[in-house]
2 protein chains.
Amino acid sequence: MAPSENTEALSQRLATSGLRSTPQREVVYSILLKKRDHPTADEVYARVRSELPTISLATVYNCLETLVQCDLVRAVNFERGPTRYCPNLRPHAHFHDESTGRTHDIDLPPGVLDSLTRILPEGFDAKSIEITFRGQATDGRS
Amino acid sequence: MAPSENTEALSQRLATSGLRSTPQREVVYSILLKKRDHPTADEVYARVRSELPTISLATVYNCLETLVQCDLVRAVNFERGPTRYCPNLRPHAHFHDESTGRTHDIDLPPGVLDSLTRILPEGFDAKSIEITFRGQATDGRS
DNA sequence: AGTAATAATTGGAATAATTCCAATTCGCAA
DNA sequence: TTGCGAATTGGAATTATTCCAATTATTACT
């Protein structure tokens, strides 16, 4: 796979939003793509620092926020904890494993989101749906 | 409706968990039942103080946590904001209205949760599911 | 190229929500 | 009625995030 491909996608998305492509934004995004384990901002910060040692935590927050605005990344909140970041753009749910604390992406079969939308009463217009499972993943998984 | 009914339920749930029924716990619970608008801990604190002026915020947090443990209340988290509390025990989703900031309960037709569980791959055992819609409620609703 | 205008980054301070902790107080049981 | 564990309390501490003012980078224009 061409490493420039995603960088391209990023630049384009930023451009169409009137934003600039910067080293910080590129590295933050590439870090998210590299290891899709739903890291927190702090975790992203730690990983990015090995490539960009002078980046600040505030910038990491800014970049993540920007990526969310561009719809390249989803911000995910489980219970009280810190926000986690997910670069998976396919329609998917999250499975939160209570024993390991890990979060798994669960791809959704086509139609699931539509059929959920249909249970809404008149007058409710949903722009997005989030589905979160909580339980145990008995199986060894990444 | 008998006002003692819910208090009864509370005492029983607490008892079976080896916990005590206290005035603080009872009032916090009754406040949640009285106005089901998904208040934050701070909001609960404010409401409870009119009945129990000397209660502390820490106790409100403790009571809410206890009620969640007893499965009498659900803790709900939208994006970054503070945790909100919901005494609705029926299977329901949440609709978060982005224009008003309000949260509506959406009752789920029977079978929805089961059919969602069925999309999980082998090895994933879900104990609970949360469904959150985000959008606009065009209609005037409580 | 030179420069103004604008956008992005930075570090640190500030805020918000929640948890922790040690000291009291309460309620039940012997 | 005394004692023990549970619950409450107030305040300090912690965590996650946002804010802000100063600097730095990038772009557009001449």
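In what follows, chains are A, B, ... by sequence order, proteins preceding strands, each numbered from 1.
- The residue A:T54 sits close only to the backbone: its heavy atoms come under 4.0 Å of sugar-phosphate atoms, none of a base.
- Taking 4.0 Å as the cut-off between side-chain N and carboxylate O, A:K34 and A:E51 count as a salt-bridged pair.
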Exercise for review: Apply ring-ring contact (aromatic ring centres under 6.0 Å, His included) to A:H38 and A:H94, showing your working.
Suggested key: CA-CA 10 Å; A:H38 307 84; A:H94 288 116; 5.1 Å; yes
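- The listed nucleotides are C:dT9, D:dA16, D:dA7; the one nearest the side chain of A:T59 is C:dT9.
- The nearest whole Å value for the distance from the CD atom in A:Q24 to the P atom in D:dT26 is 9 Å.
- Using a 4.0 Å heavy-atom distance criterion, A:T22 is classed as a sugar-phosphate-only contact.
- Atom CG in A:L14 sits about 16 Å away from atom C1' in C:dT6, given to the nearest Å.
- In the set C:dT18, C:dA8, D:dT9, the nucleotide with an atom closest to the side chain of B:Y61 is C:dT18.
- The nearest whole Å value for the distance from the CZ atom in B:R20 to the C1' atom in C:dT25 is 11 Å.
- The cationic atom of A:R25 (NZ for Lys, CZ for Arg) does not lie both less than 6.0 Å from the six-membered ring centre of A:Y29 and within 45° of the ring axis.
- Position along DNA chain C of the nearest nucleotide to A:R25 versus A:S56 favours A:R25 as the more 5'-ward residue.
- Each of B:N62 and A:N62 has a nearest nucleotide on DNA chain C; the 5'-most of these lies closest to A:N62.
- Checked for salt-bridge contact, B:E79 and B:R84 miss the test: no charged N lies under 4.0 Å from a carboxylate O.
- Residue A:T40 is classed as having no contact, given no heavy-atom separation below 4.0 Å to the nucleic acid.
- Among the nucleotides D:dT9, D:dT17, C:dG12, the one closest to the side chain of B:A58 is D:dT9.
- In this structure, CG of B:L57 is placed 9 Å from P of C:dT18, rounded to the nearest angstrom.
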